[in-house]
2 protein chains.
Amino acid sequence: MNATVMSALAEPNRLQIVELLRESPLTVGEIAERLGLRQPQASKHLRVLSEAGIVEVQAVANRRIYKLRPNPFKELDAWLESYRRMWEERYDRLDEYLLEMQSKESGKHD
Amino acid sequence: MNATVMSALAEPNRLQIVELLRESPLTVGEIAERLGLRQPQASKHLRVLSEAGIVEVQAVANRRIYKLRPNPFKELDAWLESYRRMWEERYDRLDEYLLEMQSKESGKHD
DNA sequence: TATGAATATTCCTTTACAGGAATATTCCGT
DNA sequence: ACGGAATATTCCTGTAAAGGAATATTCATA
């Protein structure tokens, strides 16, 4: 998994922007308005999201329409795949680990 | 989605810790060793992960065994669900949005 | 071409956070 | 009870990043 994507989503306003864009593509002004942000901050956050590949722009005259890109979400999903067995199996390997540790332990003073 | 979880995973070392714990529960010392971290930094990162609910501890004598908790991952998966149609449908609603904007536009000088 | 709307960028300040070093704490074995 | 191992905590410092305010840029239209 990419820490850059996580980092971009770690900021609450940016996370909200993403959740907003889930509904529909939006203009900078609309995003700022709906989230109660000032326009420059909205632009800055969108820049970060854009550089993380989470969002892409389409210029229409004066305005910039931002929309989500599927890739990071696909990747996140793929990443989660390796964790899925964690809750699908009830087996968490802790007992296994403890036994293993114990056996190393028993050979320590020889 | 919880920004705290994202924030915890945004730090590269912490992300690596999580990926390490995916294999098996581990001791602080083992984590530090495998990732080339100093013990205090490992402890601090584990604290953050713990407060985010990503990880839980089990004390065994001197040692603390850390393991992943399924919940945050379940939640992440559930959160992703709302984005899944984004790449499952090829339809991104941008054209829709443009038409909508255009119709608002046409009624602007009256 | 001058004007205003939409957006991006810059500069500044404040704050959060990561790493380093040192120290405190807890536990086992002797 | 003492010494050492494993872990947690504290203090300090540097740095990155977020918000505010101001300004630059770009575009459509009169």
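Just so it is clear: chains get the letters A, B, ... in the order the sequence lines come, proteins before strands, and each one is counted from 1. For the numbers below, each heavy atom of this structure counts, side chains included, while hydrogens, waters and symmetry mates do not.
Remark: C1' of C/dC17 and CG of B/Leu49 are 14 Å apart, rounded to the nearest angstrom. The interatomic distance linking A/Glu51 (CD) with D/dA17 (C1') rounds to 13 Å, in whole Å. For the pair B/Arg38 CZ and C/dG20 C1', the computed distance is 7 Å after rounding to whole Å. B/Arg14 places its CZ atom 12 Å from the C1' atom of C/dA16, with the value rounded to the nearest Å. Between the P atom of C/dC17 and the NE2 atom of B/His45 lies a distance of 12 Å, rounded to the nearest Å. The separation between B/Leu35 atom CG and C/dA18 atom P is 15 Å, rounded to whole Å. Distance B/Glu33 CD to D/dA5 P: 15 Å, rounded to the nearest Å.
Under a hydrophobic-cluster definition in which Ile, Leu, Val, Met, Phe, Trp and Tyr are linked whenever side-chain heavy atoms come within less than 4.5 Å, directly or via other members, A/Val18 and B/Trp87 are assigned to the same cluster. In the hydrophobic cluster analysis, where Ile, Leu, Val, Met, Phe, Trp and Tyr join through side-chain heavy atoms closer than 4.5 angstrom, B/Val48 is grouped apart from B/Phe73.
Take B/Arg34 and apply the salt bridge (charged side-chain N to carboxylate O under 4.0 Å, His left out) test, not counting sequence neighbours, and it matches no residue.
For the pair A/Ala61 and A/Ser7, both in contact range of DNA chain D, the more 5′-proximal nearest nucleotide belongs to A/Ser7.
B/Val5 approaches B/Ala52 most closely through the heavy-atom pair CG2-O, 3.9 Å.
With hydrogens and angles ignored, the 3.5 Å screen pairs no side-chain donor or acceptor of B/Arg69 with any backbone N or O of B/Glu56.
Side-chain contact of B/Thr27 with B/Arg63: a donor-acceptor pair under 3.5 Å is absent, judged by distance alone.
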Seminar exercise, completed: In 5'-to-3' order, the base (B), backbone-only (S) or no-contact (-) status of each nucleotide in nucleotides 1-12 of chain C, using a 4.0 angstrom heavy-atom cut-off, is ----BSBBBB--
